[in-house]
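Remarks on the structure that follows.
To find a chain, count down the sequence lines: A is the first, B the second, and so on, and within it residues start at 1.
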There are 2 protein chains.
Amino acid sequence: MATQLTKDSSDRSPESDQKSAAAPRRRLRAVNREQQIIDEAVSFFAEKGFSGQTRELGARLGITQPLLYRYFPTKRDLIERVFNEVYLNLESPDWSNLLTDRSRPLHDRFCDFYGAYSDMTYRYEWIRIFMFAALMGEKLNRRYTQLVEKKILTPMCDELRHYCDQPSIEEKPIRQLELDHIWVMHGGLFYYAIRKHIYHGRVSKDFPAIVSRAVAVMLAGSKAISAQASYQTTNG
Amino acid sequence: MATQLTKDSSDRSPESDQKSAAAPRRRLRAVNREQQIIDEAVSFFAEKGFSGQTRELGARLGITQPLLYRYFPTKRDLIERVFNEVYLNLESPDWSNLLTDRSRPLHDRFCDFYGAYSDMTYRYEWIRIFMFAALMGEKLNRRYTQLVEKKILTPMCDELRHYCDQPSIEEKPIRQLELDHIWVMHGGLFYYAIRKHIYHGRVSKDFPAIVSRAVAVMLAGSKAISAQASYQTTNG
DNA sequence: CTGGTTATTTATCATCTGATAAACTAAAAT
DNA sequence: ATTTTAGTTTATCAGATGATAAATAACCAG
């Protein structure tokens, strides 16, 4: 209670007549200001969640809160723009090319993929906004995980089948259980970013080493297991 | 203003003389009411997050909002009790006994552990409250992950070393990278619950099958990898 | 049945918070 | 220099929200 939001305007004496230091209210072109707001909003909402208040966002930008409403009709509209900003990059890259180039060892392909993928998504802002959105019940997350299943995990699955001398996904369709198996590795690596950026826990810096080992174990283990009948796809 | 808080007292006609249906304001003993509030608060905050409003919580309980403040001085106090309720169960069970019983196959031990562990933690309320708390910056999560590392992952690591004919953790201490390796499987399985309860994504029902396969692959893969020099602990 | 205890409600406060309208002013146009 | 445009602030609203005090009534003891 009584958490004063009024900043320190009270303890700034009215005698402070330093004109130059007073930051003479610079004006930006609309397009620039809008982008500036979005950029700061990404950082702000990533830190505070979407219940963060518009006045505080304004303060971080050095502008007043009503100015936000010149550029975004509602807070919700601003949030949608933030989603776009963070999410838009995801459609663009075509990971499957990286994953399915069979002229290279599978281990290397997976490692390189996670190098690129983690650069894009294992970031403080990305991870946290993604999780905040998920907890809010945004549809964004389901759409994204479906995209991941289609564009990343399914190709991975096919390559893994090939690696283990098993029929391709065209010959034998993928079951959810098989996707979930790949999800364990994929989610396990993603969880590294969750531990880092959401739990603020201690994680080793050498993420490529984690990836390399996880991939190596997964490949070797899958090959060994696929030799046993019990883990084969049961339809046959 | 004039958002009527009085529930549906307005649209209940004064002629409704059904004494029984009118729910004549039952009183509970303080202890029972307190527990009832906590139980509902767990469900409520799990769904809405901790920015959920006390009036809505009261409505779900069929009581007025000020009554909450008879039992909990502030909303924060109620939240702390919710943390306790969800978190308290964690200290009690001693997983290491289950994990370190070398008279049983390691695969079975790991599978049984995840059966019990998931029953406790892969629940809607637990997962979501845990994630909400983490995003709020609560210290609960770091404490918990440290507990997991100490009580679960470290024993697992030791058993895995033994399984791969490597020196015990007493002979050669565990590095963070090695913990992170186990974290990939552990977090990967936890991520199944995240996909289910936070993303509301499609997951296969047969979680034990996922565990069994993930464990089998991890064990076989680790054994295969440990034969290669490149993935040995480098100090030696 | 009566009176006391206390669980519960009603009424209300103070502040927060998203949003709007009008005044203001820096920068561009003439 | 003057006018015009448009970026920004000041003032303010309406509803939301955590919290408090006093009134009410259900339950229990005698």
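On a pure distance criterion of 3.5 Å, no polar donor-acceptor pair joins the side chain of R29(A) and the base of dG7(D).
Rounded to whole Å, atom P of dT8(D) lies 8 Å from atom CD1 of I37(A). Put simply, CZ on F72(A) is 15 Å from C1' on dT8(D), counting in whole angstrom units. We find that CD of Q36(A) is positioned 14 Å from P of dG7(D), with the value rounded to whole Å. Atom-to-atom, CD1 of I63(B) to P of dT6(C) comes out at 19 Å; the value is rounded to the nearest Å. To the nearest angstrom, C1' of dA21(D) lies 15 Å from CG of L67(B). Atom pair L61(A):CG and dT9(D):C1' shows a separation of 15 Å (rounding to whole Å applied). L68(A) has its CG atom 14 Å from the C1' atom of dT20(C), to the nearest Å. E34(A) has its CD atom 12 Å from the P atom of dT8(D), to the nearest Å.
No hydrogens or angles considered: a donor-acceptor pair under 3.5 Å links the side chains of D39(A) and Q35(A). In this model, no donor atom of one side chain and acceptor atom of the other lie less than 3.5 Å apart for Q146(B) and R143(B). At a cut-off of 3.5 Å, with distance as the only test, no side-chain donor of N32(B) or Q36(B) sits close to an acceptor on the other residue.
Between L28(B) and Q65(B), the residue anchored closer to the 5' end of DNA chain C is L28(B), taking for each the nucleotide with the nearest heavy atom. Each of Y69(B) and A30(A) was assigned the nucleotide of DNA chain D with the nearest heavy atom; the assignment lying further toward the 5' end belongs to A30(A).
The ring of F130(A) has its center closer than 6.0 angstrom to the ring center of Y199(B).
Here the nucleotide nearest the side chain of R27(A), chosen from dG18(D), dT8(C), dA26(C), is dA26(C). For P66(A), the listed nucleotide lying nearest its side chain is dA21(C); candidates were dA21(C), dA21(D), dT8(D). The side chain of R70(A) sits closest to dT8(D) out of dT8(D), dT8(C), dT9(D).
Residue T54(B) has a polar side-chain atom (N or O) positioned under 4.0 Å from OP1 or OP2 of dG18(D).
The closest side-chain heavy-atom distance from V211(A) to F113(A) is not below 4.5 Å.
Looking at heavy-atom distances under 4.0 Å, Y71(A) makes contact with sugar-phosphate atoms alone, never a base.
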